[in-house]
Amino acid sequence: MFKAALKSLLTEDQYEDTKSGSYAIDINYQSESYEYMHGLYFTGNDDIKRTALVIMRRHFYGWAKDFLNYGSYYSLGLALHPIADTYVLVQTRVGMLGFYSYRSMWNIVDGRNVTPYTSDIGPSKRALQYIYNALIKLNKSSTEDEINAIFNQWLKQTGGGY
């Protein structure tokens with residue numbers, strides 16, 4: 001997914017660093033307290049889903065800000081990972097990460113342009129390209145509101161129910 005979306009926009013080193021940052025989340029954050037890093041939440045009431053979305057947004061903001069402050073493409077990969085995972089089947093993520101629980105897991109973001117409603121790579125490619133292109137227009141002095149506006153615009157692109 002990263003390759004299709006970002007390889008043509010980045011240098012080889014930038015692409016490898018971005019991919020490494022994303023991969024690090026899959027390797028280092030597999031416990032149930034980090035499910036939001038994979039775009040997931042455990043079923044429950046709407047408050048639980050809303051809280052998961054807030055945490056996911058904070059994760060994006062923190063690493064996106066690091067990318068802007070330091071030019072760290074590794075941080076960009078960390079920021080983009082939960083968004084990219086939103087386009088991967090829940091069952092695939094749960095199995096890969098070993099989230100074995102009596103509670104079911106669901107996408108935090110539930111729109112017609114994310115799994116399981118589409119298996120087309122187009123929406124994920126457009127999402128990652130949109131976010132990258134929007135971020136590179138910002139700079140170190142960009143505010144939290146400006147960075148979160150990118151996340152919020154991505155939410156609109158997913159096609160609904162968040």
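Positions are given from 1, in the same order as the sequence printed here.
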Response to the item:
Distance col, row Lys140:NZ vs Tyr70:OH, nearest 0.5 angstrom, shows 8.0 Å
Fill in: Spatial distance of atom CG (Leu80) from atom CG (Leu128) [nearest 0.5 Å]
5.5 Å
Worksheet item: Any salt bridge between Lys65 and Glu144, counting N to O under 4.0 Å?
Response: no
Discussion item. Show, in sequence, the C-alpha distance, side-chain angles and deciding distance for Trp154 and Thr86, and conclude whether the side chain to side chain contact (heavy atoms under 4.5 Å, CB included) test is met.
Written reply: CA-CA 11 Å; Trp154 165 70; Thr86 301; 4.0 Å; yes
Response to the item:
Between Tyr29 and His38 the two heavy atoms that sit nearest each other are O-NE2, 2.7 Å
Fill in: ring pair (Phe, Tyr, Trp, His ring centres under 6.0 Å) against Phe60, all qualifying residues, sequence neighbours excluded
Phe151
Discussion item. Donor-acceptor pair, distance only, cut-off 3.5 Å: does the side chain of Ser22 make one with the backbone of Lys19?
Written reply: no
Fill in: Rounded distance (nearest 0.5 Å) linking atom CZ of Phe2 with atom CD of Glu16
12.0 Å
Discussion item. Using the rule given for side chain to side chain contact (heavy atoms under 4.5 Å, CB included), can you reason through Tyr87 versus Thr158, listing the C-alpha separation, both sets of side-chain angles and the distance that settles it, and then say yes or no?
Written reply: CA-CA 10 Å; Tyr87 298 90; Thr158 65; 4.1 Å; yes
Practice prompt. Not counting sequence neighbours, which residues clear ring pair (Phe, Tyr, Trp, His ring centres under 6.0 Å) with Tyr74? List them please.
Written response: none
Discussion item. Can a side-chain donor-acceptor contact be found between Thr143 and Asp145 if the only test is distance below 3.5 angstrom?
Written reply: no
Worksheet entry | From CG (Leu76) to CZ (Phe67), nearest 0.5 Å | 5.0 Å
Discussion item. For a side-chain hydrogen bond (donor to acceptor under 3.5 Å, both in side chains) check, start with the C-alpha distance between Asp13 and Thr11, then their side-chain angles and the critical distance, and finish with the verdict.
Written reply: CA-CA 5 Å; Asp13 287 345; Thr11 68; 5.6 Å; no
Worksheet item: Ser142 side chain to Leu138 main-chain N or O, any donor-acceptor pair under 3.5 Å?
Response: no
Item to complete: Quick one: closest heavy-atom pair of Ile83 and Met56, and the distance?
Response: N-CE, 4.1 Å
Discussion item. Applying a strict under-4.5 Å side-chain criterion to I, L, V, M, F, W and Y, I'd like to know whether Leu9 and Ile136 cluster together.
Written reply: yes
Practice prompt. Look only at the side chain of Ser75 and the backbone of Gly71, and say whether a donor-acceptor pair between them is shorter than 3.5 Å.
Written response: no
Fill in: pair His81-Asp26: side-chain heavy atoms closer than 4.5 Å
yes
Fill in: Ring geometry between Tyr73 and Tyr132 (parallel below 30°, tilted from 30 to 60°, perpendicular above 60°)
tilted
Discussion item. Please report the interatomic distance CD1(Ile150) to CZ(Arg57), rounded to the nearest 0.5 Å.
Written reply: 12.5 Å
Practice prompt. Work out which heavy atom in Ala79 is nearest to a heavy atom in Ala64; give both atom names and the distance.
Written response: CB-N, 3.7 Å
Worksheet entry | His59 and Tyr36 aromatic ring geometry - parallel, tilted or perpendicular at 30°/60° bounds | perpendicular
Worksheet item: Is it the case that one hydrophobic cluster holds both Ile48 and Leu155, taking links as side-chain heavy atoms less than 4.5 Å apart, direct or via other members?
Response: yes
Response to the item:
Looking only at heavy atoms, the pair that brings Leu135 and Leu68 closest together is O-CD2, 3.3 Å
Worksheet item: Nearest heavy-atom pair of Tyr130 and Ala149: which atoms, and what distance?
Response: OH-O, 4.4 Å
